[in-house]
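Only one structure is covered here, and it is reproduced in the block below.
Note that these values count all heavy atoms, side chains included, but never hydrogens, waters or copies made by symmetry. This structure is a prediction, so every number in the text was calculated from the model and none was measured.
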Amino acid sequence: MRIGIIGAGVIGVSAAQALMRDGHQVTLFDPAGVAQGASRGNAGAFAFADIIPLATPGVWKQAPKWLLDPLGPLSIRPAYALKLLPWLVRFAGASTPRRYAAARDAQAAMMQLSAQALDRLLDTHDMHDLIRREGQLQIYDSPRQLAAAKPGWDERAAAGIRFETLTTRDAIREVQPGLNPQFTSAVFTPDWFNTTDPELWVKTLAERVVAGGGEILHAAVRGLDTSGPGVTVTHDNGTAQFDKVVLAAGAQSNTLLRPLGLKLPLETERGYNTTLPASAFDLRTHVTFSSHGFVVTRIGDGLRVGGAVELGGLDLPPNMKRAQILLDKARDFLPELDTTGGVQWMGFRPSMPDSLPVIGAAPRHPDLVLAFGHGHLGLTQSAGTAELVADLVAGRPAALDLTPFAPQRFLKDRP
């Protein structure tokens with residue numbers, strides 16, 4: 001079949017290679033080119049241990065604090081608060097104990113599939129040289145914060161995730177020297193690993209797609225016509241007919257769904273970071289500062305300090321003070337960190353209220369397959385999502401139950 005894929009980020013490019021493995025002819029569309037959105041500026045982590053949804057029971061009570069602290073680890077831009085209200089209502093609904101537990105279990109199943117799919121991808125494309133297996137050190141400000149996080153770690157343990165709790169400065173220093181001695185509580189996840197560079201990862205996959213006969217067009221898609229057999233794509237350079245189309249346009253996906261009568265609760269987690277030169281710090285592992293919502297990770301030969309969540313939509317200008325706040329905190333927590341010579345960045349992570357991506361055929365449009373909304377887990381879940389998309393296109397049973405990820409869950413959702 002001829003398959004069109006809208007979006008050349010990690011989800012779209014990964015889906016392309018999975019579909020080509022099934023013998024399909026693929027064409028990708030992206031106005032900016034390969035890996036120029038969130039796939040370029042992320043932390044590069046395959047975070048298979050992150051099975052806990054953002055919408056935890058009781059989390060909605062913190063919404064007033066998010067509004068009052070525009071530079072906090074999770075904030076809402078006041079100018080966007082009214083537009084965000086319907087999403088927040090669904091977010092609150094997703095935080096009930098029953099729905100939280102269901103989302104956690106679905107996320108755990110998705111992580112297991114994605115880890116297995118990534119192993120298959122690494123072996124198929126011989127990309128092991130783009131992987132760093134250095135684990136992750138999750139830092140807590142105090143023993144009390146570590147104790148408060150214990151239920152989440154117990155849930156991870158129940159899902160088979162290995163970790164080690166560290167409760168002394170010496171134990172933490174053995175994993176990562178150079179941390180401020182104020183930290184005496186941490187958790188180390190040894191099986192965590194990263195790509196050396198997320199942009200390079202996606203571009204390497206894209207090169208394999210093109211080498212295998214796939215096509216990547218630097219063009220924006222302007223519309224989708226699903227009235228006839230297949231899907232007609234209108235783009236900057238004309239029109240093209242496909243048997244099926246995969247919509248993997250991340251945070252911009254709703255712009256193409258609205259004319260089809262569909263609007264899913266897709267929002268944007270605006271992430272900020274600064275990438276520092278190679279000499280900035282001797283980082284031994286991926287470090288997460290849990291209470292402050294940011295990470296420090298190696299990217300290429302350099303260092304990236306970034307994270308946090310700002311819910312502010314696609315149109316408001318970036319607030320680069322957030323990147324600077326994270327950098328200042330990192331300097332306090334890593335006293336030897338050289339913060340000069342950095343390059344700032346802001347990108348849009350596509351986010352659903354229940355922290356689960358949308359994977360499935362569009363309601364009333366069976367030839368349009370949706371694959372977006374992974375939040376900060378796009379890279380992590382890319383290989384698994386790609387295999388599920390290939391299953392959907394082929395009409396074969398999927399490797400896991402897709403009900404928790406189906407777009408229909410929002411059409412019948414009544415928080």
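- Taking the ring centroids of Phe29 and His218, they lie at or beyond the 6.0 Å cut-off.
- A salt bridge links Arg222 with Asp236: the closest approach of a Lys/Arg side-chain nitrogen to an acidic carboxylate oxygen falls below 4.0 angstrom.
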(message) I'd like to know whether Thr196 forms a side-chain hydrogen bond (donor to acceptor under 3.5 Å, both in side chains) with Arg132, so could you lay out the CA-CA distance, the side-chain angles of the two residues, the decisive distance to 0.1 Å, and finally the verdict.
(response) CA-CA 6 Å; Thr196 57; Arg132 287 188 176 124; 5.6 Å; no

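- Contacts of Arg208 classified as salt bridge (charged side-chain N to carboxylate O under 4.0 Å, His left out), with partners at least two apart in sequence or in another chain: none.
- Within 6.0 Å of CZ on Arg258 lie more than 12 heavy atoms contributed by other residues, nucleotides or ligands.
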(request) Apply side-chain contact (heavy atoms from CB on, under 4.5 Å) to Tyr80 and Asp315, showing your working. (result) CA-CA 10 Å; Tyr80 194 68; Asp315 299 323; over 6 Å; no

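- Ion pairing of Asp328 with Arg331 is present here, as a side-chain N (NZ or NE/NH1/NH2) and a carboxylate O approach within less than 4.0 Å.
- Gln116 and Glu387 are not linked by any side-chain donor-acceptor pair at a separation below 3.5 angstrom, with hydrogens and angles left out of the test.
- Summarising the local packing, CD of Glu134 is surrounded by more than 12 heavy atoms from other residues, nucleotides or ligands at distances under 6.0 Å.
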(request) Give the C-alpha distance, both sets of side-chain angles, the deciding distance and a yes or no for side-chain contact (heavy atoms from CB on, under 4.5 Å) between Asn42 and Asn273. (result) CA-CA 8 Å; Asn42 63 66; Asn273 66 47; over 6 Å; no

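- If you look at Trp153 and Phe163, their ring centroids are closer than 6.0 Å.
- With hydrogens and angles disregarded, a donor-acceptor distance shorter than 3.5 Å links the side chain of Arg409 to the backbone of Phe405.
- Within 6.0 Å of atom CZ in Arg144, 12 or fewer heavy atoms from other residues, nucleotides or ligands are found, so the atom counts as exposed in its surroundings.
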(message) Apply side-chain hydrogen bond (donor to acceptor under 3.5 Å, both in side chains) to residues Arg21 and Gln17 and explain how you reach the verdict.
(response) CA-CA 6 Å; Arg21 191 168 61 236; Gln17 62 82 26; 3.1 Å; yes

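- Between the side chain of Arg270 and the backbone N or O of Gly313 there is at least one donor-acceptor pair closer than 3.5 Å.
- Judged by a 6.0 Å distance limit and a 45° cone about the ring axis, Arg90 is not positioned over the six-membered ring of Trp87.
- In this model, no donor atom of one side chain and acceptor atom of the other lie less than 3.5 Å apart for Thr226 and Arg364.
- Residues Glu310 and Tyr272 have side chains that bring a donor and an acceptor to within less than 3.5 angstrom of each other.
- Using a 4.5 Å heavy-atom threshold, the side chains of Asp191 and Phe48 count as separate.
- Using modelled atom types, no side-chain atom of Gln381 and backbone atom of His374 make a donor-acceptor pair closer than 3.5 Å.
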